[in-house]
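Data first, discussion second: the structure below is written as structure tokens.
Only this structure's heavy atoms are used, side chains among them; waters, hydrogens and symmetry mates stay out. Lettering of chains follows the sequences in order, A, B, ..., and the numbering in each one begins at 1.
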Amino acid sequence: DAGITQSPRYKITETGRQVTLMCHQTWSHSYMFWYRQDLGHGLRLIYYSAAADITDKGEVPDGYVVSRSKTENFPLTLESATRSQTSVYFCASSDFSRSYNEQFFGPGTRLTVL
Amino acid sequence: QKEVEQDPGPLSVPEGAIVSLNCTYSNSAFQYFMWYRQYSRKGPELLMYTYSSGNKEDGRFTAQVDKSSKYISLFIRDSQPSDSATYLCATSKGGSEKLVFGKGTKLTVNP
């Protein structure tokens, strides 16, 4: 499928477990982003990547790890999940070809940590 | 103080009403201003963008930026039930890959 996809769409896990959320885009966009969306906080940037093997922290990176070995994939790992990481996670991509940096979002992963 | 402030609402209006959604921002370095629309259980998608101050119109939607007061607005004319969604304002500095989002305003248009 063309576009940006996320998997799984829903995930329930337990405190302390490792969880990996997947993001895949077919546009060959150079930039990719991970956000979490919580009531009262809106969208907050966790990590972003300008290209394969280049990643940088966003506003709320603690407890998360990212990697980007291929342009099209940008997995997000919660090394030891905590209840405070219960959230909806969105992946986005951009080619930054326009000056205003339109970001294209995936459908989201709804994560519950028990 | 967050860099972008947006009243989360919720906002409920009758069909056909004019809707005004607003954000304020604090960083004068912001140059690009966007509105994203997010339907329930979906990812946000870009609705409109403006550069610097001024108005931009697209059908029933008008985006307005006043840099002197650091105020961003989105107006929806003749609102429809299909406009029911959460609207997020977003800004960025020139040349920056990062967007700063407001918290979003949930809008319901009642038939």
Between A:Asp38 and A:Arg36, does any NZ, NE, NH1 or NH2 come within less than 4.0 Å of an OD or OE carboxylate oxygen? yes
For chain A, the option from B:Gln6, B:Gln38, B:Glu45 that forms the most heavy-atom pairs under 4.5 Å: B:Gln38
Contact origin within A:Arg110 toward chain B - heavy atom pairs under 4.5 Å: side chain
Please state whether the side chain, the backbone, both or neither of B:Glu97 comes within less than 4.5 Å of a heavy atom of chain A. both
Interchain contact, B:Gln31 with chain A, by part (heavy-atom threshold 4.5 Å): neither
Counting heavy-atom pairs under 4.5 Å with chain B, which one of A:Arg44, A:Gln6, A:Gln37 comes out on top? A:Gln37
Name the region of A:Leu45, side chain, backbone, both or neither, that has any atom closer than 4.5 Å to a heavy atom of chain B. side chain
Test salt bridge (Lys or Arg N to Asp or Glu O under 4.0 Å) applied to A:Glu14 - qualifying residues, sequence neighbours left out: A:Arg17
Compute both the distance and the angle, then confirm whether A:Lys57 meets the cation-pi test with A:Tyr47: under 6.0 Å from the six-membered ring centre, within 45 degrees of the axis. no
Where on B:Tyr36 is there a heavy atom nearer than 4.5 Å to chain A: the side chain, the backbone, both, or neither? side chain
Can a salt bridge be assigned to the pair B:Arg60 and B:Asp83 using a cut-off of 4.0 Å between side-chain N and carboxylate O? yes
Measure across A:Arg68 and A:Ala50 and return the closest heavy-atom pair with its distance rounded to 0.1 Å. NH1-C, 3.9 Å
Counting only heavy atoms closer than 4.5 Å, note whether B:Pro8 contacts chain A via side chain, backbone, both or neither. neither
Is there a path from A:Leu21 to A:Tyr31 through hydrophobic residues (I, L, V, M, F, W, Y) whose side chains come within less than 4.5 Å of each other? no
